Amino acid sequence: MKKGLLIVLSGPSGVGKGTILKELMKDESLKLSYSVSMTTRDKREGEIDGVNYHFVSKDRFLEAIDNDELLEYAEFVGNYYGTPLDEVVKLREKGRNVVLEIEVQGCKQVQEKINEALTIFLVPPSMEELENRIRGRKTEPEEIIQERLAKAEREMKMMDQYKYVICNDDIDLAVEIISVIIKRYMEKNS
Ligand code: 5GP
């Protein structure tokens, strides 16, 4: 059996990565499996351990780095985030196309290790729209919102490292475009 694809989906906080992924995952023909990351950040309301993230202590995260358990990792607004390697390898061996929803430093590490990764960067229609979306979420205090917005500005400058840059102006359209790209890659890979 052919190994599944490795797909990286990035974009600034609030751009709508989660919503788009949820839609993409509904299409079984894309054979997508979501890679659950490890993080040291606090659980948000409604998030489930082992589903949204593996929520761990800083000590456990540092141990995972030391043991080479992570495909990539990064610090983002004061917390660590990383992709457990084992899970990604197993899923790809089963023919699943694994999606990593990670930030730009992590994507860089993935590209250095896995040249053929399909990397996609989502951009908001404007920075004002992004700010509205982050504020609308009402999950973080003002200080964190400011940090996430500053981080978004920096991340937007790194979009040229990605194979595809897609504007999330219309969710259905963005989902359709990404589906087409994934299907093309699946054909090439078969
Ligand atoms: P959030 O706290 O909003 O869930 O995530 C913050 C940022 O961390 C987002 O840009 C998200 O894509 C990124 N992220 C989530 N998991 C990982 C991971 O495993 N590795 C890296 N490098 N970034 C991640």
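Here the structure is a predicted model, which is why all the values come from computation and not from measurement. Numbering starts at 1 and runs along the sequence shown. Just so you know, ligand 1 is whichever comes first in the structure, and atom 1 is the first atom listed for that ligand. The figures that follow rest on heavy atoms only: side chains count, while hydrogens, waters and symmetry mates do not.
- Residue contacts with ligand 1 for E72 involve side-chain atoms from C-beta outward but no N, CA, C or O (heavy atoms, distance under 4.0 Å).
- Close approach of ligand 1 to R148 is summarised as follows: ligand atoms under 4.0 Å from at least one heavy atom of the residue are 1 (P), 2 (O), 3 (O), 6 (C).
- Partner of M156 under the side chain to side chain contact (heavy atoms under 4.5 Å, CB included) criterion, chosen from M158, R154, M159: M159.
- For a threshold of 3.5 Å applied to N or O pairs, the pair formed by E47 and ligand 1 contains no separation below that value.
- Within a 6.0 Å sphere centred on NZ of K22, other residues, nucleotides and ligands contribute 12 heavy atoms or fewer.
- Judged by distance alone, the side chain of Q109 and the main-chain N or O of L71 form no donor-acceptor pair under 3.5 Å.
- With R41, E101, R44 as candidates, the residue nearest to atom 14 (N) of ligand 1 on a non-hydrogen basis is E101.
- Scanning the protein heavy atoms around atom 13 (C) of ligand 1, the nearest turns out to be E103 N, 3.8 Å.
- Qualifying ring-ring contact (aromatic ring centres under 6.0 Å, His included) partners for F61, counting only residues two or more places apart in sequence or in other chains: Y80.
- Side-chain atoms of I20 and I166, non-hydrogen and from C-beta on, never get closer than 4.5 Å to each other.
- In this structure, T83 OG1 and E72 CD are separated by 3.5 Å, a value rounded to the nearest 0.5 Å.
- More than 12 heavy atoms of other shown residues, nucleotides or ligands fall within 6.0 angstrom of atom CD in E142.
- In terms of polar-atom proximity, defined here as any N/O pair under 3.5 Å, S13 makes no such contact with ligand 1.
- Compare Y53, Y73, Y80 by their heavy atoms: the one nearest to atom 1 (P) of ligand 1 is in Y53.
- Applying the ring-ring contact (aromatic ring centres under 6.0 Å, His included) test to F55 and every residue at least two apart in sequence or in another chain returns Y53.
- For atom 9 (C) of ligand 1, the closest non-hydrogen atom of the protein is K17 NZ, 3.5 Å.
- No more than 12 heavy atoms of other residues, nucleotides or ligands sit less than 6.0 Å from atom CG of D42.
- Between E155 and ligand 1 there is no heavy-atom distance shorter than 4.0 Å.
- By the criterion of a heavy-atom distance under 4.0 Å, the side chain of F76, and not its backbone, is placed next to ligand 1.
- What sits closest to atom 19 (O) of ligand 1 on the protein, heavy atoms only, is S37 OG, 2.6 Å.
- Within ligand 1, counting atoms from 1 as listed, the ones closer than 4.0 Å to a heavy atom of A74 are 22 (N).
- Between G82 and ligand 1, a contact under 3.5 Å exists for at least one N or O pair.
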